[in-house]
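The analysis underlying the following values was restricted to heavy atoms, covering all of them including side chains, and did not include hydrogens, waters or symmetry mates.
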Amino acid sequence: MSLINSKEAAPAHTVVVLDFETTGLSPNQGDRAIEIGAVKLENGVVVDRFQGLMNPGFKVSSFIENYTGISNRMLADAASCDEVMNEFANFIQGCNLVAHNASFDKRFLDGELALIQRGYDGDFACSLLVSRRLTQEASSHKLGDLVAYHQIENDGVFHRALADAEVTASLWLVLLGKLERQHGIVNPSFELMQRIAKTPKASVNQLLKKCR
């Protein structure tokens, strides 16, 4: 089922929220994904989930093992990156995408899909950038800090892909609720959220006044 109607009409409440765990910071330097987690929202309700560990073909560092809790032993029995990412490419077709610090996740999504000659037809929005503009009073916009700031229910697990995708989805819905309560914008488009993310902080209120 395609969740994208048109660029302007696509609703912000209907997206796939995703998160990668990786061997490092840059696929251009040989780093690979080791876990993908995602939740599919339809009209603000979780309708599906995706989670998969993937074997990058080499051992990960002790730092990554400690940071993510994903061990080389776990990855030894995991499916290949190619296999998992092919399944994930099917999962996200027809969907717009959201991630926290989306430029990072987009780099790895693009890099992994390029290796298997797959693509996707949605656009990306960044919950981190949107948060910086709609919640300017927050002292930090790291995911864990925003979960605490907004008192978002969580299981205390961070740096595992599905857990992070779940709380990012909750944060995204909090931000959409803030638009409605404080700015009178009901059912915002995905394109508006992208515009908010790119608007200078000092100009956000002016943008939102025009969109009421």
Side-chain angles (χ1 to χ4, degrees), residues 1-22 27 32-54 78-131 134 143 152 160-180 185-199 211:
M1 177 182 64
S2 175
L3 303 182
I4 298 175
N5 301 313
S6 73
K7 290 293 183 183
E8 294 188 0
H13 290 85
T14 298
V15 294
V16 169
V17 184
L18 63 94
D19 182 80
F20 277 103
E21 301 302 332
T22 68
R32 300 295 302 271
I34 55 174
E35 187 178 36
I36 179 66
V39 295
K40 186 173 289 186
L41 295 175
E42 190 169 345
N43 298 319
V45 177
V46 176
V47 296
D48 205 355
R49 291 174 171 84
F50 186 101
Q51 188 275 334
L53 287 170
M54 54 190 112
S80 68
C81 292
D82 290 3
E83 181 179 341
V84 175
M85 291 307 302
N86 193 56
E87 292 177 8
F88 188 63
N90 295 333
F91 183 82
I92 63 174
Q93 293 308 312
C95 302
N96 283 321
L97 308 170
V98 173
H100 202 70
N101 190 18
S103 62
F104 174 87
D105 294 279
K106 186 177 187 301
R107 281 198 303 274
F108 277 93
L109 180 63
D110 292 348
E112 291 293 345
L113 292 184
L115 291 173
I116 57 172
Q117 298 181 315
R118 293 293 304 271
Y120 54 96
D121 49 10
D123 287 334
F124 257 95
C126 180
S127 57
L128 174 73
L129 295 179
V130 173
S131 177
L134 297 185
L143 183 58
I152 294 171
R160 286 300 302 268
L162 184 57
D164 283 359
E166 295 269 11
V167 294
T168 300
S170 296
L171 171 63
W172 185 250
L173 295 177
V174 166
L175 295 171
L176 297 181
K178 189 178 180 74
L179 276 179
E180 180 174 353
I185 299 175
V186 181
N187 296 323
S189 69
F190 186 81
E191 186 266 344
L192 174 59
M193 303 306 288
Q194 291 178 306
R195 287 171 60 195
I196 290 171
K198 296 175 182 177
T199 299
C211 297

Report yes if some heavy atom in the side chain of [X] is under 4.5 Å from a heavy atom in the side chain of [Y]; otherwise report no.
X    : Y    : answer
R118 : F88  : no
D123 : E191 : no
C211 : L192 : yes
I92  : F50  : no
L179 : M193 : yes
L109 : L97  : yes
I36  : M54  : yes
L143 : D19  : no

When rounded to the nearest 0.5 angstrom, what is the spacing between [atom1] in [X] and [atom2] in [Y]?
X    : Y    : atom1 : atom2 : value
L128 : S103 : CG    : OG    : 8.5 Å
L113 : N86  : CG    : CG    : 9.0 Å
K178 : S131 : NZ    : OG    : 9.0 Å
R160 : L53  : CZ    : CG    : 5.5 Å

Under the side-chain contact (heavy atoms from CB on, under 4.5 Å) test, residues paired with [X] that sit two or more places apart:
X    : result
T22  : F20, F104, F108
T199 : S203, V204, L207
A99  : L18, A102, D105, F124
L173 : H13, L41, L176

What's the shortest heavy-atom distance between [X] and [Y], and which atoms?
X    : Y    : result
D121 : C95  : OD1-N, 4.0 Å
V39  : A165 : CG2-O, 3.8 Å
C81  : A33  : SG-O, 3.4 Å
A197 : V130 : CB-CG2, 4.0 Å
A38  : L162 : O-CD1, 3.7 Å
Q93  : G119 : NE2-O, 2.7 Å

Of all pairs that satisfy salt bridge (Lys or Arg N to Asp or Glu O under 4.0 Å), the ones with a partner from residues 43-52, not counting sequence neighbours: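 Listed once each, the pairs are R49-E166.
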Contact list for residues 83-94, test salt bridge (Lys or Arg N to Asp or Glu O under 4.0 Å), sequence neighbours left out: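 Non-adjacent pairs meeting salt bridge (Lys or Arg N to Asp or Glu O under 4.0 Å): zero.
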Can any side-chain N or O of [X] pair as donor or acceptor with the backbone N or O of [Y] at less than 3.5 Å?
X    : Y   : result
T14  : N43 : yes
E21  : E35 : no
W172 : A12 : yes

Please enumerate all residues that pass side-chain hydrogen bond (donor to acceptor under 3.5 Å, both in side chains) together with [X], with sequence neighbours excluded.
X    : result
R32  : E112
T168 : none
K106 : D110

Pair L171-L175, side chain to side chain contact (heavy atoms under 4.5 Å, CB included): steps then yes or no: CA-CA 6 Å; L171 171 63; L175 295 171; 4.2 Å; yes
